[in-house]
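What you see below is based on every heavy atom in this structure, not just the backbone, and it leaves out hydrogens, waters and symmetry mates. Naming: A, B, ... by sequence-line order, numbering from 1 per chain.
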Number of protein chains: 2
Amino acid sequence: MGTKGASNRQRIIEAADRLFHTRGYNQTSFSDISEVTGIPRGNFYYYFRTKDDILNAVVEDRLGSYRRMLSACERATDDPRQRLLSFVDILDSNAEGIIQSGCPIGSLTSELAKDDPELQLKSREVFDLLRDWLAKQLDMLGLENSTQRALDILARMQGVSIIACAYKDRAYLQRNMDELKGWINGFTMN
Amino acid sequence: MGTKGASNRQRIIEAADRLFHTRGYNQTSFSDISEVTGIPRGNFYYYFRTKDDILNAVVEDRLGSYRRMLSACERATDDPRQRLLSFVDILDSNAEGIIQSGCPIGSLTSELAKDDPELQLKSREVFDLLRDWLAKQLDMLGLENSTQRALDILARMQGVSIIACAYKDRAYLQRNMDELKGWINGFTMN
DNA sequence: GTCTATAAATAGATAGAC
DNA sequence: GTCTATCTATTTATAGAC
């Protein structure tokens with residue numbers, strides 16, 4: 001695989017990633033990706049056989065990004081409570097994108113739930129990654145039902161994202177992220 | 001407007017309502033609605049000028065349905081706490097649909113956030129209706145920041161719906177609906 | 001009011017020149 | 001590896017017969 005080929009492939013993935021977030025999977029056409037990247041439509045099929053393949057590559061790319069962010073978070077501190085608070089900050093740093101287009105993970109998984117069960121399963125892998133990482137930190141805090149609590153954290157962030165996006169209310173998002181941090185701080189007292 | 005015409009129009013709205021939930025707005029074509037209702041595609045334009053008009057009619061129809069449910073809930077009891085608990089039960093009765101396709105309100109509003117700001121504003125009206133009704137009950141309980149708390153209830157239900165749908169986990173939905181009721185019961189002690 | 005036929009645009013996907 | 005041209009199917013929407 002040549003350097004330029006890998007570059008083109010990566011450019012397609014990154015453009016598709018952004019478009020899947022801002023316009024949705026089904027509303028993103030090959031023409032859209034072509035316009036953004038400058039790569040002709042027909043060339044896409046050299047790198048991906050189908051549109052579904054692009055989605056799979058985008059999810060794999062997201063998994064890699066989140067794994068790197070979580071690893072960096074683990075290297076920064078050994079305190080699981082601090083790690084959980086950093087986790088909230090990571091997603092908080094994407095606040096503007098959430099207000100405009102919703103959570104990239106949640107909105108993609110929700111969209112694909114209506115479409116193709118296989119694609120939804122693929123997009124859910126990002127949830128799996130975050131859930132397992134959160135559960136690991138909760139385990140270190142000595143909490144029980146760590147997986148369920150991890151899902152509760154994700155559910156809370158998803159719900160806040162939905163409302164904040166629906167009302168384009170950045171203050172609502174900020175306030176609830178802070179309350180979520182307080183909730184997480186309360187975990188240590190159990 | 002004749003009887004049969006109104007009937008056809010209503011049949012289109014109800015079929016579109018279900019399809020917008022199970023497949024999404026953008027993934028629902030006139031052909032899909034035609035297949036379900038048996039009404040030819042071309043006939044749709046006698047009742048609606050555009051697909052957007054169908055969405056508007058669907059949202060208006062949903063608003064009417066929810067208004068009737070909330071009114072019935074108000075007639076059933078004067079206790080605002082009981083009304084809030086009944087509210088959770090109403091959405092809980094649609095559990096199977098939430099598992100399969102997500103919350104009809106949340107998923108539609110999220111989808112349209114990526115598409116057309118005007119359509120999102122229209123679909124958000126259902127959130128507005130529920131928010132205001134919840135806030136009214138919270139006011140009766142003597143709570144402050146009733147609108148913010150109402151949004152918190154909606155956010156919590158949305159988040160739980162996203163996770164329950166992603167993992168097709170009916171038990172998770174049920175457990176969190178019960179916890180939400182406990183949370184609401186806690187409101188009276190403030 | 002109801003339906004058929006069809007327009008005009010766009011989708012995902014393919015073939016093949018270079 | 002890269003790009004143009006094109007195929008086939010489907011989309012929203014229109015025209016017009018009945």
Below 3.5 Å is the cut-off: list the nitrogen or oxygen pairs between protein and nucleotides 16-18 of chain D, distance only.
none

Output field: ring centroids A:Y66/A:W133 closer than 6.0 Å: no
Tell me if the aromatic rings of B:Y45 and B:F30 count as close, with their centers under 6.0 Å from one another.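 B:Y45 vs B:F30: aromatic centres under 6.0 Å.
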Expected list for residues 95-106 of chain B: side-chain donor-acceptor pairs under 3.5 angstrom, two or more places apart:
| from | atom 1 | to | atom 2 | distance (Å) |
| --- | --- | --- | --- | --- |
| B:E96 | OE1 | B:R170 | NE | 3.3 |

When you measure from the side-chain N and O atoms of A:N8 to the phosphate of D:dG1, is any distance below 4.0 Å, counting only OP1 and OP2? no
Can a side chain N or O of A:Y46 be found less than 4.0 Å away from OP1 or OP2 on D:dG1?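 True: A:Y46 side-chain N/O within range (under 4.0 Å) of D:dG1 OP1/OP2.
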Atom-to-atom span, [atom1] of [X] to [atom2] of [N] - whole angstrom:
X      : N      : atom1 : atom2 : result
A:L119 : C:dG12 : CG    : P     : 13 Å
B:Y47  : C:dG1  : OH    : P     : 6 Å
A:N43  : C:dG12 : CG    : P     : 16 Å
B:N26  : C:dG12 : CG    : C1'   : 17 Å
A:K51  : C:dA11 : NZ    : P     : 9 Å
B:I39  : C:dG1  : CD1   : P     : 13 Å
B:Q27  : D:dT10 : CD    : C1'   : 12 Å
B:Y45  : C:dA5  : OH    : P     : 18 Å

side-chain hydrogen bond (donor to acceptor under 3.5 Å, both in side chains): pairs with one or both residues in residues 50-59 of chain A, sequence neighbours excluded: A:Y25-A:D52
Any salt bridge (charged side-chain N to carboxylate O under 4.0 Å, His left out) involving residues 70-79 of chain B? Give me the pairs, sequence neighbours left out, ordered by first then second residue. B:E74-B:K136, B:D78-B:R83, B:D79-B:R81
With A:E118, which residues qualify under salt bridge (Lys or Arg N to Asp or Glu O under 4.0 Å), at least two apart? none
Specify the residues of residues 28-38 of chain B, ordered by number, for which at least one heavy atom lies under 4.0 angstrom from an atom of DNA chain D.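 By residue number: B:T28, B:S29, B:F30, B:S31.
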Please list every donor-acceptor pair under 3.5 Å in which a side-chain atom of residues 152-159 of chain B meets a protein atom from a residue at least two apart or in another chain.
| from | atom 1 | to | atom 2 | distance (Å) |
| --- | --- | --- | --- | --- |
| B:D152 | OD1 | A:Y172 | OH | 2.8 |

Taking side-chain contact (heavy atoms from CB on, under 4.5 Å) as the test, write out the residues that go with A:A15, two or more places apart. A:R18, A:I33, A:V36, A:T37
Pairwise 5' ranking along DNA chain C for A:R41 and B:P40, keeping only the more 5' one: B:P40
Which pairs with one or both residues in residues 110-132 of chain B pass ring pair (Phe, Tyr, Trp, His ring centres under 6.0 Å), sequence neighbours excluded? none
